[in-house]
Amino acid sequence: MSFSNLGLSKPILRAIKEQGYTKPTPIQKKAIPLILEKKDVLAGAQTGTGKTAGFTLPLLQHLTQLPNTKGKPQVKALILTPTRELAAQVGESINLYGKYLPYKSTVIFGGVGIKPQINSLKKGVDIVVATPGRLLDLIEQKAILLSNIEFLILDEADRMLDMGFIHDIKKILKLLPSKRQNLLFSATFSDDIKKLADKLLNRPTLIEVAQRNKTSEIVEQVVHPVDKERKRELLSHLINSEKWEQVLVFTRTKHGANRLSTQLEKDGITSAAIHGNKSQSARTKALANFKDGKIRVLVATDIAARGIDIDQLPHVVNYELPNVPEDYVHRIGRTGRAGNKGKAVSLVCIDEDALLKNIQKLIKSPIERVRIKGFIPDPAIKAEPIGNRSQSHRNRSRNRDSRRR
Ligand code: AMP
């Protein structure tokens, strides 16, 4: 099947062709026709499946079918995302796929000045991509009108709930016209997501590409048992001996990300850290350098990494396992993207055995353990409680309290 069978118009097909996509991914094959039929859709799809184009392409197609209104464009489509990075990425996709169409879009998120966002809304836009907190700020300031919304898309809805955005989402829903098309994308389906879907969606069609809570099959996963103190040494060894050129490394804390990045640099491995304490411009620069191959290793915390779009990322390393098992699925979703094989390596010390067990339970499969010569754990070392256990919880409550996203 090719894109031309999906009911998309010429300007959109031309933009797709320019991207070099030859055929739709499974989620695109399923989602695009349904969305074009104006169905509400509940989609289970992880990052890397092509989900963004899965909703952006039919959304653009819909806009071409709306009657032409005179004057300034009005906001007809609203896409909510959990993080600024994801919002920016969705915004880029809209620009890319909508290149040959006249529609205007804007991306709004917290942590940066609100004025330019107000100004771009003033000029009039058709599509708004937003994180919930900043959107509410703009609504309060009467900078945006939601009464003409025809399409609502919740992207990475599970993340939004994890980050405590449910109340913000409910507030926003109340302001939307009742007649509209709704799409909800989520990598996992907790009871809370089901509740939200029941409230939001009107007789939705359920589509799934990866099995729920299952890691993508094209990702090769391996655990290397190692003592905590020797993780950095092992990581440098793996990067050098396996000649990894582009590695995304996850740490549990911001401080840990900074420290690791500095240590890798000392080992002669180019690296940068991104996390919530870094400015938006520092994050954007680090990401651009990583994408261009100017730095080999990007060290990130879970929250900062959410929504990062990097094509065909070959290696993801869990320097520390996440406290929340679902985060493992999200992390390794960064590799093996759009049909390219990827490898997810976890460096696991004895303290993390319980975390590993929970992850294996969630993905319903054991992960192969491979001991590396020279790094075999010392049996005399006993497990200790993990420091910063509540890091991700702290982050979540911080997100709830502030509307900086
Ligand atoms: P997403 O799951 O939306 O984050 O997309 C993952 C990556 O797949 C993005 O970098 C897209 O550019 C790429 N992609 C999306 N659709 C296709 C396609 N049909 N063929 C090849 N690559 C694609």
Side-chain angles (χ1 to χ4, degrees), residues 1-8 12-33 35-36 41 43-61 79-99 105 107 127 129 153-160 183-188 207-211 214-219 246 248 287-288 290-293 298 300 304-316 329-342 344:
M1 186 196 252
S2 77
F3 277 104
S4 49
N5 307 118
L6 289 177
L8 300 166
I12 300 177
L13 291 174
R14 187 173 159 204
I16 295 172
K17 199 167 170 206
E18 273 182 21
Q19 284 308 301
Y21 303 167
T22 48
K23 56 181 196 318
T25 66
I27 187 84
Q28 291 163 0
K29 258 186 251 172
K30 287 183 188 172
I32 294 172
I35 300 172
L36 290 178
V41 170
Q46 296 172 14
T47 331
T49 51
K51 69 179 169 66
T52 316
F55 63 76
T56 311
L57 297 171
L59 167 64
L60 288 165
Q61 178 68 31
I79 302 167
L80 292 178
T81 73
T83 62
R84 36 186 150 183
E85 281 83 4
L86 187 60
Q89 180 197 324
V90 172
E92 273 170 31
S93 296
I94 293 170
N95 290 340
L96 220 58
Y97 307 134
K99 195 171 161 191
S105 63
V107 179
I127 307 169
V129 189
I153 300 166
L154 262 55
D155 193 15
E156 300 204 356
D158 48 350
R159 285 277 140 230
M160 284 201 267
L183 314 174
L184 190 152
F185 283 75
S186 187
T188 53
I207 52 177
E208 272 185 287
V209 284
Q211 242 182 311
K214 263 222 158 167
T215 44
S216 162
E217 272 163 22
I218 50 172
V219 180
Q246 202 183 35
L248 178 62
L287 190 60
F290 183 58
K291 280 189 178 180
D292 296 348
L298 190 66
R306 240 152 252 164
I308 288 183
D309 172 48
I310 306 154
D311 280 352
Q312 304 159 15
L313 191 58
H315 299 104
V316 166
V329 179
H330 283 278
R331 286 179 177 188
I332 77 162
R334 308 279 159 213
T335 180
R337 314 190 73 173
N340 295 285
K341 203 166 168 69

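Computed from a predicted structure; not experimentally measured. Positions are given from 1, in the same order as the sequence printed here. Whatever order the structure lists ligands and atoms in, that order sets their numbers, starting from 1.
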**Asked** What are the two closest heavy atoms between Thr49 and Thr25, and how far apart are they?
**Response** O-OG1, 2.8 Å
**Request:** Determine the minimum heavy-atom distance between Gln28 and Gly50, stating which atoms define it.
**Result:** NE2-O, 2.9 Å
**Asked** Listed by chain and number, what are the salt bridge (charged side-chain N to carboxylate O under 4.0 Å, His left out) partners of Lys99, not counting sequence neighbours?
**Response** Glu18
**Message:** Test your reading of the structure: does Gly50 have an N or O sitting under 3.5 Å from an N or O of ligand 1?
**Reply:** yes
**Prompt:** Excluding sequence neighbours, so at least two apart, what forms side chain to side chain contact (heavy atoms under 4.5 Å, CB included) with Asn5?
**Reply:** Met1, Ser2
**Request:** Can you sort out which atoms of ligand 1 are near Lys23, meaning under 4.0 Å from one of its heavy atoms?
**Result:** 18 (C), 19 (N), 20 (N)
**Prompt:** Of Ile12, Leu13, Ile94, which is the lone residue that meets side chain to side chain contact (heavy atoms under 4.5 Å, CB included) with Leu57?
**Reply:** Ile12
**Item:** For ligand 1, the portion of Gln19 having any non-hydrogen atom under 4.0 Å away
**Value:** neither
**Prompt:** Which of the numbered atoms in ligand 1 are below 4.0 angstrom from a heavy atom of Gln89?
**Reply:** 4 (O)
**Prompt:** Who gets closest to atom 12 (O) of ligand 1 by heavy atom: Phe55, Phe185, Tyr97, Tyr21?
**Reply:** Tyr21
**Request:** Output the list of atoms in ligand 1 that are nearer than 4.0 Å to some heavy atom of Thr52, sorted by atom number.
**Result:** 1 (P), 3 (O), 4 (O)
**Fill in**
Tightest non-hydrogen contact, residues Thr52 and Ser93, listed as CG2-OG, 3.5 Å
**Request:** List every atom of ligand 1 that sits less than 4.0 Å from any heavy atom of Phe3, numbering the atoms from 1 in the order shown and giving each element.
**Result:** 19 (N)
